[in-house]
Enquirer: 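Pasting a structure below so you can have a look.
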Amino acid sequence: MKTVLLVFGTRPEAIKMCPLVNELKKRENLRTVVCVSGQHRQMLDQVLKVFGVEPDYDLSIMKEQQTLFDITVNILERIKAVLEKVQPDVILVHGDTSTTFVTALAGYYLQIPVGHVEAGLRTYNVYSPYPEEFNRQAVGSIAQYHFAPTQTAKDNLIREGKNPHYIYVTGNTAIDALKTTVRSEYTHPELNWAKGSRLIMLTAHRRENLGEPMHQMFRAVRRIMHEHPDVKAIYPIHMNPAVRKTAQEELGNCERIHLIDPLDVLDFHNFLNRSYLLLTDSGGIQEEAPSLGKPVLVMRDTTERPEGIQAGTLKLVGTNEEVIYQNFKTLLENPTVYSQMAHASNPYGDGFACRRIADILERELFA
Ligand code: UD1
Ligand code: UDP
């Protein structure tokens, strides 16, 4: 019997790790243990509930308006005892959050092998996204096993000199999650409200966009909504108080924009599926939207997900109000441009990434 410890703490990590937890639990020669950092509290718990995952350990580190120092110090201090007690043969972390980085660092300090799920995404600008680009590069240096979602991600890792034997192209587990959530018969009161209108879904949260960039993003949305009476928008606001304040200030008085609490992932995926287009600075949504054939305006200066841009579903528009406004207007007013972006493609895998990762782990751990 070998022990696999999965550690995660934020909403996107949970969405992409819970399907893997459930797959690993089916394997009889593996003991699967889950530790959550609790970097997100409510938004993490929403996901755990949807996937029926009950953590064995919870570091409960979240604080209101936590800094990178708070997260780093608190996880590093609290995770040591868990690693010493569980004594895993491998620790699995996901992506690029502070939970990911600090857990990998702790694994390195105790000389426990680390497996990196969603490895090899890069912008090569450590301030964009911040601090995620540093986090994933650092985890890439520590990890023994690299589970790359795409060939592009694998190529990045090979260029950096990682051992190709330990880089596996698996697809992204986000697609595994999406396969279980989207339903044709799904209904929700908010979708009933939007019926008969083109529905825009909006999300925003990136640290480097807090402040003026976020004001500009929201002002662009407000202008467009004002000019297009046939359009309604739903914005499930991230729980970060800084984001919530800016959203209320810029969008609080628009009657065709509903500002709501974060949706659980089952609801959110079904809202995406019914939407006309999306505006976001999220990473995960850039992976989900191409599968659903939904155009996305990515309100960031860089993306580590070039596959969706190549597929034609994503467009990088930055955070300048005028640029977002013009791109949004074109998509609403020009059906040719819209239909060029609105086609389903699947650059992030076939929905069997978890099975592949579990197979590889069984093979490597018992080699
Ligand atoms: C974090 C990750 C980011 C990821 C994002 C996904 C880091 C440094 N950042 O950013 O990579 O893209 O999650 O959403 O790891 N809050 C709550 N309840 C929650 C969640 C958050 O109240 O369930 C509030 C708290 O006041 C918290 C703040 O939001 O202090 C910010 O959370 P934090 O995890 O520090 O940063 P995110 O911007 O969410
Ligand atoms: N999501 C969700 N509820 C919401 C908004 C987003 O479940 O109200 C999901 C979304 O489908 C995607 C993930 O959360 O899978 C993205 O998380 P987020 O944007 O917080 O982080 P990022 O992907 O940018 O790291």
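Residues: numbered from 1 along the sequence shown. Small disclaimer: the values here were computed from a predicted structure and weren't measured. Ligands are counted one by one from 1 in listed order, and the atoms in each one are counted from 1 as well.
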Enquirer: Distance under 4.0 Å to a non-hydrogen atom of Ile71: what atoms of ligand 1 satisfy this?
Expert: 35 (O)
Enquirer: Between Phe134 and Tyr127, is the gap from one ring center to the other below 6.0 Å?
Expert: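 No - the distance between ring centres of Phe134 and Tyr127 does not fall below the 6.0 Å cut-off.
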Enquirer: Is it possible for you to check whether Arg207 lies under 6.0 Å from the centre of the six-membered ring of Tyr130, through NZ or CZ, and within 45° of that ring's axis?
Expert: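 No.
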Enquirer: In terms of residue, atom name and distance, what is the protein heavy atom nearest to atom 20 (O) of ligand 2?
Expert: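 Here the nearest protein heavy atom works out to Arg11 NH2, 2.9 Å.
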Enquirer: Report yes or no: do Thr3 and Arg31 form a side-chain donor-acceptor pair below 3.5 Å?
Expert: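 The answer is yes; a qualifying pair exists.
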Enquirer: I'd like to check which ligand 2 atoms, numbered from 1 as shown, lie under 4.0 Å from a non-hydrogen atom of Glu288.
Expert: 10 (C), 11 (O), 12 (C), 15 (O)
Enquirer: Suppose we measure from atom 7 (O) of ligand 2 to each protein heavy atom; which comes out shortest, and what is that distance?
Expert: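 Here the closest protein heavy atom is Val265 CA, 3.3 Å.
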Enquirer: I need the minimum non-hydrogen distance between His188 and Asp267, along with the two atoms involved.
Expert: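 Closest approach of His188 to Asp267: CD2-OD1, 4.0 Å.
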Enquirer: Between the candidates Arg41, Gln46, Glu132, which shows the shortest non-hydrogen contact distance to atom 9 (N) of ligand 1?
Expert: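 Shortest heavy-atom distance from atom 9 (N) of ligand 1: Glu132.
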Enquirer: Between the candidates Gly9, Ser98, Pro241, Gly38, which shows the shortest non-hydrogen contact distance to atom 8 (C) of ligand 1?
Expert: Ser98
Enquirer: Please report which non-hydrogen protein atom sits nearest to atom 8 (O) of ligand 2, along with the residue it belongs to and the distance in Å to one decimal place.
Expert: Leu263 N, 3.0 Å
Enquirer: Under 4.0 Å from ligand 1, counting heavy atoms only, is it the side chain of Lys63, its backbone, both or neither?
Expert: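 Only the backbone of Lys63 comes within reach of ligand 1.
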Enquirer: Any N or O of Arg206 that comes nearer than 3.5 Å to an N or O of ligand 2?
Expert: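 Right, the criterion is met.
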Enquirer: May I ask you to check if Lys154 and Phe147 form a cation-pi contact, with NZ or CZ under 6.0 angstrom from the six-membered ring centre and within 45° of the axis?
Expert: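 Lys154 over Phe147 ring: no.
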Enquirer: Where does Pro131 meet ligand 1, judged by heavy-atom distances below 4.0 Å: at the side chain, the backbone, both, or neither?
Expert: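 Looking at Pro131 and ligand 1, just side chain atoms fall under 4.0 Å.
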Enquirer: Quick one: nearest non-hydrogen protein atom to atom 5 (C) of ligand 1, plus distance?
Expert: His205 CE1, 3.5 Å
Enquirer: Hydrogens and angles aside, do Tyr348 and Gln286 bring a side-chain donor and acceptor to less than 3.5 Å of each other?
Expert: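 No, no side-chain donor-acceptor pair sits under 3.5 Å.
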Enquirer: Using a 4.0 Å cut-off to any heavy atom of Ser282, which atoms of ligand 2 qualify?
Expert: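 Listed by number with element, the hits are 16 (C), 18 (P), 19 (O), 22 (P), 23 (O), 24 (O).
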Enquirer: Once rounded to the nearest 0.5 Å, what's the spacing between atom OG of Ser282 and atom CZ of Arg11?
Expert: 7.5 Å
Enquirer: Would you mind running through ligand 2 and noting each atom that sits below 4.0 Å from a heavy atom of Gly284?
Expert: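 Listed by number with element: 22 (P), 23 (O).
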Enquirer: Would you kindly say whether Gln216 and Thr319 are connected by a side-chain donor-acceptor distance under 3.5 Å?
Expert: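 No, no side-chain donor-acceptor contact under 3.5 Å.
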Enquirer: With nothing but distance in play, are any N or O atoms of Thr10 less than 3.5 Å from an N or O of ligand 1?
Expert: no
Enquirer: Any atoms of ligand 2 less than 4.0 Å from a non-hydrogen atom of Gly283? List them with their elements.
Expert: 22 (P), 23 (O), 24 (O)
Enquirer: Charged N to carboxylate O below 4.0 Å: is that the case for Glu304 and Arg136?
Expert: yes
Enquirer: Could you name the option among Asn240, Thr72, Ile15 that has the heavy atom nearest to atom 28 (C) of ligand 1?
Expert: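 Answer by nearest heavy atom: Asn240.
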Enquirer: Aromatic rings Trp193 and His258: how do their planes relate, parallel, tilted or perpendicular, breaks at 30° and 60°?
Expert: parallel
Enquirer: What is the nearest protein non-hydrogen atom to atom 2 (C) of ligand 1, stated with its residue, atom name and distance?
Expert: Gln39 NE2, 3.8 Å
Enquirer: Would Val117 and Leu6 show up in the same hydrophobic cluster when neighbours are defined by side-chain heavy atoms closer than 4.5 Å?
Expert: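 Yes, one cluster joins them.
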Enquirer: Does this structure show an ion pair linking Glu84 with Lys80, if we count only N-O contacts that are shorter than 4.0 Å?
Expert: yes
Enquirer: Distance alone, cut at 3.5 Å: any donor-acceptor contact between the side chains of Glu307 and Thr150?
Expert: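 On atom types as modelled, these side chains qualify, holding a pair under 3.5 Å.
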Enquirer: Heavy atoms only: which of His40, Arg11, Met43 lies closest to atom 37 (P) of ligand 1?
Expert: His40
Enquirer: Are any of the N or O atoms of Thr99 closer than 3.5 Å to those of ligand 1?
Expert: no
Enquirer: Verify whether one side chain among Glu133 and Gln137 offers a donor that lies under 3.5 Å from an acceptor in the other.
Expert: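 Their side chains do contain a donor-acceptor pair, which is all the 3.5 Å distance test asks for.
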Enquirer: Considering Glu13, Gln66, Glu64, Met62 one by one, which has a heavy atom nearer to atom 22 (O) of ligand 1 than any of the others?
Expert: Met62
Enquirer: Answer yes or no: are there more than 12 heavy-atom neighbours, outside His226 itself, under 6.0 Å from its atom NE2?
Expert: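 No - once you tally the heavy atoms of other residues, nucleotides and ligands closer than 6.0 Å, there are 12 at most.
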Enquirer: Among all protein heavy atoms, pick out the one at the shortest distance from atom 26 (O) of ligand 1; state its residue, atom name and that distance to 0.1 Å.
Expert: Gln65 N, 2.9 Å
Enquirer: Can you list the atoms of ligand 2 that are under 4.0 Å from a heavy atom of Pro236?
Expert: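 Contacts of ligand 2 toward Pro236, numbered from 1: 8 (O).
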Enquirer: Between Met43 and ligand 2, which part of the residue brings a heavy atom under 4.0 Å of the ligand: side chain, backbone, both or neither?
Expert: neither
Enquirer: Number the atoms of ligand 1 from 1 as they appear, then name those within less than 4.0 Å of a heavy atom of Leu68, with their elements.
Expert: 8 (C)
Enquirer: With a 4.0 Å cut-off on N to O distance, would you call Asp261 and Arg244 a salt bridge?
Expert: yes
Enquirer: Could you identify the single nearest non-hydrogen protein atom to atom 18 (N) of ligand 1 and state the distance to 0.1 Å?
Expert: Gln42 OE1, 2.7 Å
Enquirer: Is the contact between His205 and ligand 2 made by the side chain, the backbone, both, or neither, using heavy atoms and a 4.0 Å cut-off?
Expert: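 Under 4.0 Å from ligand 2, His205 contributes side-chain atoms alone.
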Enquirer: Taking distance alone, with no angle check, do Thr97 and ligand 1 share an N/O pair under 3.5 Å?
Expert: no
Enquirer: How does Ile15 reach ligand 2, if at all, at less than 4.0 Å between non-hydrogen atoms: by side chain, backbone, both, or neither?
Expert: side chain
Enquirer: I need the nearest protein heavy-atom contact for atom 1 (N) of ligand 2: residue, atom name and distance, please.
Expert: Phe268 CD2, 3.5 Å
Enquirer: Between Asp359 and Arg363, is the closest basic N to carboxylate O distance under 4.0 Å?
Expert: no
Enquirer: For ligand 2, which atoms, with element, lie under 4.0 Å from some heavy atom of Pro262?
Expert: 8 (O)
Enquirer: Less than 3.5 Å between some nitrogen or oxygen of Pro12 and one of ligand 2, yes or no?
Expert: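 Not met; the criterion fails.
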Enquirer: Among all protein non-hydrogen atoms, which one is nearest to atom 10 (O) of ligand 1, and what is the separation to 0.1 Å?
Expert: Arg207 NH1, 4.0 Å
Enquirer: Could you measure the distance from the CG atom of Leu272 to the CG atom of Leu277? Nearest 0.5 Å is fine.
Expert: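 Separation between the atoms: 11.5 Å.
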Enquirer: Would His146 and His165 count as a ring-ring contact (aromatic ring centres under 6.0 Å, His included) here? Give the steps.
Expert: CA-CA 9 Å; His146 307 269; His165 174 79; over 10 Å; no
Enquirer: Counting only heavy atoms, which portion of Glu132 has something under 4.0 Å from ligand 2: side chain, backbone, both, or neither?
Expert: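 The answer is neither.
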